[in-house]
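Shown next, in structure tokens, is the structure this report addresses.
Since this is a predicted model, take the numbers as computed values, not measurements. Just follow the structure's listing: the first ligand is 1, and inside any ligand the first atom is 1.
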Amino acid sequence: MGDRNSTTYAAADIVNYYAQLNRLQPAEAALLEQLRDQLPTMRMLDVGVGGGRTTQHFAPLVEQYVGIDYSPEMVAACQKRFSQPDDSMRFRVADARDLSQFDDSSFDFILFSFNGIDYVSHEDRLKIFQEIKRVGKGGCYFFFSSHNLQALESGLTWKKQIGSNPLKTYENLVMLGLFWLFNRPMTRDTLAEAEHLIVRDESHNFRLDTYYIRAAQQLKQLSKDFSQVEIYPWQSTERVLDMDAAIMDRDLWVYYLCQLKTSGRAN
Ligand SMILES: C[S@@+](CC[C@H](N)C(=O)[O-])C[C@H]1O[C@@H](n2cnc3c(N)ncnc32)[C@H](O)[C@@H]1O
């Protein structure tokens with residue numbers, strides 16, 4: 001999956017798309033408010049920074065901001081978009097699977113927004129969690145979003161594509177047909193049985209391989225090294241208290257807020 005994804009994230013049309021985004025998603029705005037008082041003393045790592053959508057909101061509020069991306073083209077777009085007056089704001093090319101350019105216990109807050117973690121294999125995803133664990137201080141906040149397999153499964157029926165607008169209904173049905181075509185030989189049973197799965201979804205016209213995971217499984221992945229895990233559907237400022245809530249069937253991606261466990265670590 002690596003080559004297709006890194007090629008897509010280096011493409012000029014995709015870089016330009018991310019470089020013009022500027023609004024926080026509702027769940028991110030809720031997080032910013034939650035951490036606002038602590039941000040001035042925090043060193044922040046913004047992983048998969050893309051074209052800098054989140055930079056303008058967080059960089060002015062934290063003590064030090066480092067934005068990284070494995071796409072040199074994305075990093076160049078950030079450098080063009082933001083002047084870096086001093087060391088308090090920096091952009092670097094770095095792959096989340098190998099953060100060796102950063103020391104252990106360097107950051108108080110690590111963000112991996114807009115599902116950037118979903119563009120690597122399952123094994124590489126676990127590697128990323130290990131790198132986050134290494135470069136985060138004990139108690140470091142980690143906030144990231146990931147595609148929601150539960151919502152994908154529940155949305156992939158022809159009945160769900162039908163609405164009051166005939167043109168939209170037609171478009172939705174075409175997209176549903178293309179989804180099954182791009183993901184042959186996947187079946188509804190494959191989806192129902194999987195805890196996590198890599199699919200070609202319609203984002204950027206099926207040019208990405210994307211990891212989807214059920215929330216219960218994501219909590220399991222996090223449980224060894226992270227505590228205080230909270231879930232926010234991306235369109236909501238309210239955290240989910242009941243994993244069977246209707247919104248978990250609807251929001252195609254959800255945010256996870258958690259903190260690195262402190263046991264056995266230097267702060
Ligand atoms: C969906 S875009 C989001 C960009 C930006 N965070 C935003 O919210 O607008 C995902 C970003 O993650 C980056 N990315 C994907 N895998 C990565 C990895 N292993 N290490 C660093 N960046 C990665 C991509 O290059 C891309 O810029």
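- At a heavy-atom distance under 4.0 Å, only backbone atoms of A94 (N, CA, C or O) approach ligand 1.
- In terms of N/O distances under 3.5 Å, ligand 1 is approached by D69.
- The closest protein non-hydrogen atom to atom 16 (N) of ligand 1 is Y70 CZ, 3.5 Å.
- Residue G48 has at least one N or O atom closer than 3.5 Å to an N or O atom of ligand 1.
- Using bins of under 30°, 30° to 60° and over 60° for the plane-to-plane angle, the ring pair H196/Y211 lands in the parallel bin.
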Please assess T187 against D189 for the test side chain to side chain donor-acceptor pair (under 3.5 Å), listing each intermediate value before the final yes or no.
CA-CA 5 Å; T187 63; D189 284 347; 4.9 Å; no

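- Of the possible polar contacts, none joining the D225 side chain to the K133 backbone as a donor-acceptor pair under 3.5 Å is found.
- Taking a cut-off of under 4.0 Å to the non-hydrogen atoms of G116, the atoms of ligand 1 that pass are 10 (C), 12 (O), 15 (C), 16 (N).
- The protein atom (non-hydrogen) at minimum distance from atom 7 (C) of ligand 1 is R53 NE, 3.4 Å.
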Check against ring pair (Phe, Tyr, Trp, His ring centres under 6.0 Å), F142 and F144
CA-CA 7 Å; F142 180 37; F144 69 100; 4.7 Å; yes

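- With ligand atoms numbered from 1 in the order given, ligand 1 contributes 27 (O) to contacts under 4.0 Å with heavy atoms of M74.
- Relative orientation of the Y17 and H204 rings is perpendicular, given thresholds of 30° and 60° on the angle between their planes.
- Among protein heavy atoms, atom 20 (N) of ligand 1 sits closest to A96 N, 2.9 Å.
- Contact of the Y212 side chain with the D201 side chain is registered, since non-hydrogen atoms from C-beta on lie closer than 4.5 Å.
- When the heavy atoms of W253, Y9, F112, Y17 are ranked by distance to atom 24 (C) of ligand 1, first place goes to Y9.
- In this structure, A10 falls outside the shell of residues with a heavy atom less than 4.0 angstrom from ligand 1.
- Ligand 1 lies out of reach of T54, whose nearest heavy atom is not under 4.0 Å from it.
- With hydrogens and angles left out, the side-chain atoms of Q218 and N148 include no donor and acceptor closer than 3.5 Å.
- When only interatomic distances are considered, the shortest N/O to N/O separation between G51 and ligand 1 does not fall below 3.5 Å.
- Considering backbone and side-chain N/O atoms, D95 comes within less than 3.5 Å of an N/O atom of ligand 1.
- Using the six-membered ring where Trp is involved, Y18 and F114 have ring planes that are perpendicular, over 60° apart on the 30 and 60° scheme.
- At a heavy-atom distance under 4.0 Å, only backbone atoms of V49 (N, CA, C or O) approach ligand 1.
- Taking a cut-off of under 4.0 Å to the non-hydrogen atoms of V120, the atoms of ligand 1 that pass are 19 (N).
- Y65 and T55 are linked by a side-chain donor-acceptor pair at a separation below 3.5 angstrom, with hydrogens and angles left out of the test.
- Those atoms of ligand 1 with a heavy atom of Y18 less than 4.0 angstrom away are 1 (C), 2 (S), 3 (C), 4 (C), 9 (O).
- Using a distance-only test at 3.5 Å, with no hydrogens or angles considered, a donor-acceptor pair links the side chain of R200 to the main chain of F206.
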